[in-house]
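All values reported here derive from a predicted model rather than from experimental measurement. Within every chain, numbering begins at 1; the chains are lettered A, B, ... in the order of the sequence lines, protein sequences first and strands thereafter.
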Protein chains: 2
Amino acid sequence: MTHTSTEENYIKAIYHLQLSRDSVSTNLLSAEMNTKPASVTDMLKKLRTKRIVHYQRYKGFSLTEAGNRKALSIIRKHRLWEYFLSSKLGFEWDEVHSMAEELEHISSDELITRLDNFLGNPAFDPHGDPIPDHRGKIRVIKQVSLTEVPVKKTATVSSVKNQSPEMLELLNHFHIALGTKLKLNRRFEFDGSVEIKIDKYPATIISEQVALNINCTL
Amino acid sequence: MTHTSTEENYIKAIYHLQLSRDSVSTNLLSAEMNTKPASVTDMLKKLRTKRIVHYQRYKGFSLTEAGNRKALSIIRKHRLWEYFLSSKLGFEWDEVHSMAEELEHISSDELITRLDNFLGNPAFDPHGDPIPDHRGKIRVIKQVSLTEVPVKKTATVSSVKNQSPEMLELLNHFHIALGTKLKLNRRFEFDGSVEIKIDKYPATIISEQVALNINCTL
DNA sequence: AAATAAATTTAGACAAATCTAAAAATATTT
DNA sequence: AAATATTTTTAGATTTGTCTAAATTTATTT
Ligand SMILES: [Mn+2]
Ligand SMILES: [Mn+2]
Ligand SMILES: [Mn+2]
Ligand SMILES: [Mn+2]
C-alpha cells in the first residue's frame, strides 16, 4: 500500500497526538495539521478505506496496527535524515526539522537501510528523540525534566521538548547541549527556577519555563 | 517563484530534449513525460504564466533564461544526490536514478550547498554526466563515442549514454567502468564492432550497439 | 490547390486535497 | 429535560494535474 506525502503527514500527526492524549479529536488534528475540521473528516474516510485508522463518524478515531507501523517508519526516516543533516552536513538542531519534513517522504526502504548503516545506526536524533529501528522498535530511556532532578544530583541532558531557534539560543548561552552533564545546586520555590553547575563554567540560574523543556537521565 | 515537483519534472524534460534537438514538440514532450499531448498543452500555459517557457499556441515553445537556470538547478540537485547515493551509500549506478528523481525536489538550497561540500564538490555524477556548479555552470569535456576512437589509440571511459541495469551488467562483464583505460585494437567494418584491450584482461570484442553507448576522452 | 494526414489545442470530466457554509450529532448548561 | 453550545459531518466549490473526445491549425500528398 502506498501513501501520498499528505496522508503520511496526517498519519504521523495522529501518532504524535496519541502519545500524549488517550484520544484524539477531529478539531485537535485539524489544528495540528493547519487544516479545517472538514478536511480532516475527508482524510479520515480515506485513511479508513486504507485500513490506517479505526473510524466511525462522530465516534472518534485511532491508528490501526498497520497505521502505527506506518507512523513509526515515517518517524524513523525523519529522525535518520535529521541525524544525517546534523552529523554529516553540520546543521544545527533548530535547522533540520523542516528539511526532514520533506526527506521523510522519499520512498526507498533500501535507501533508509543504507543511510542507517552509513550513519552508524544512531539511536537518537539531534533533539535526543529515539530513532525507531527497522522493525519500528523504539529504545525507551528513563528521562525526567530538569525541574524534577533532585537537589545536589548530577544529571545528563538527553533531549529537548521545545526545538525552536529561540530555545537553541538559550541553551547555547548556558553551554547546554545533548550529553552535557550538570549538577542541580538548588531549587527556588518562589518561581520554580533552578541553579545548575556545569564543569568549569560558573553556576547559573535557569527559569522553570526553560527547565521544563530540558529532559535528563539520572 | 516556487514550483511543484510536477512542474520541475516538465522543466527538466524540456531542457534535456532541447539539448539534442533544436526544437521540442508537444508530442515529443508528452512521450517523454508519459502523459497525453493535451496535458502538455495545459502545463505549457501554466509554465508560460510563470515565465519559464516562451510559448505561442501552435507555434512551439522553448525554455526562457529563467527556465534554463531552473532546469540546471534541478539537474545539479539530481546529480549531487546520485553521487551521494553512489559514493556514500554504495549504490550501483543503475540504482540511483529513481531515488534521485525524488530527492531532486527537496527544496533547501543550503542543503545542496552543504551536500556539495560534504561530497568534495564532485564534477561528474556516477554516469559520468557533469554536475552544474551553484551558478549553473557545466564543465564541458571533449568526448567521443567508443565507435569514434581511432584504431591503436588509448582512451578513458568518461560516461555512458544508456544507464540501464542491462547495460551495467554488460560493462561489468567487460570490466569497464568510468575511468577505465582501454586501447582500441581494431574495428570490424562488417558490423561496426570493435576489439578493445584493457590492462591484464584478454582482448574482447564489443558490438557497435554497445560501443555507441560508451563515451571516452582521448 | 484541394484533399488528406498529423499535430496541437479546446472542452468537459475526474481524483486529490483543500475550503466555506450549512446541517446533524453530541455535550454542556440552565 | 429543554435550551444552548460545541463538535463533527455533509454538500458543494476550487485548484492541480490528468484524461478522452472533438475541434482547430499546420503539414504533406495528391
Ligand atoms: Mn512531512
Ligand atoms: Mn527530531
Ligand atoms: Mn523528479
Ligand atoms: Mn545521472
Would you indicate which nucleotide in D:dA21, C:dA21, D:dT18 comes nearest to any side-chain atom of B:A38? D:dA21
Within the 4.0 Å heavy-atom criterion, would you say A:F61 contacts the bases, only the backbone, or no part of the nucleic acid? nothing
Output the rounded distance in Å from CG (B:L47) to C1' (D:dT16). 13 Å
Please confirm whether B:F91 and B:Y83 have ring centers closer than 6.0 angstrom. no
Expressed as a whole number of angstroms, how long is the span from B:K36:NZ to C:dA7:C1'? 15 Å
Hey, does the side chain of A:N27 come within less than 4.0 Å of D:dT8's phosphate (OP1/OP2), counting only N and O? yes
d(NZ, A:K59; P, C:dA25) in whole Å: 11 Å
Tell me: CG of A:D42 to C1' of C:dA16, nearest whole Å? 10 Å
Whole Å only: how far is the CG atom of B:L44 from the C1' atom of C:dT10? 14 Å
Select from B:Q56 and A:M43 the residue whose nearest nucleotide in DNA chain C is closer to the 5' end of that strand. B:Q56
Can you list every pair that meets ring-ring contact (aromatic ring centres under 6.0 Å, His included) and has a residue in residues 44-78 of chain B, with sequence neighbours left out? B:H78-B:H97
Closest approach to the side chain of A:Y55, judged atom by atom: which nucleotide of C:dT10, D:dT9, C:dA7 is it? D:dT9
Nucleotide D:dT16, atom P - distance to NZ of B:K50 in whole Å: 8 Å
Nearest-nucleotide comparison on DNA chain C, the residue closer to the 5′ end among A:Y58 and A:S39: A:S39
With heavy atoms under 4.0 Å as the rule, sort A:T41 into base, sugar-phosphate or nothing. base
Quick one: is D:dT9 close enough that its OP1 or OP2 comes under 4.0 Å of any side-chain N or O from A:T26? yes
When you compare the side chains of A:N162 and A:S164, does any donor N or O come within less than 3.5 Å of an acceptor on the partner? yes
Carefully, step by step, assess B:S193 and B:D191 under the rule side chain to side chain donor-acceptor pair (under 3.5 Å). CA-CA 5 Å; B:S193 62; B:D191 63 350; 2.7 Å; yes
To the side chain of B:K45, which of C:dT10, D:dT10, C:dT9 is closest? C:dT10
Reckon B:Y10 has a side-chain N or O less than 4.0 Å from the OP1 or OP2 of D:dT18? yes
Give the rounded distance in Å between these two atoms: CZ of B:R57 and C1' of D:dT26. 12 Å
My understanding is that only residues two or more places apart in sequence, or in another chain, count here; which of them pass side chain to side chain donor-acceptor pair (under 3.5 Å) with B:E102? A:S107
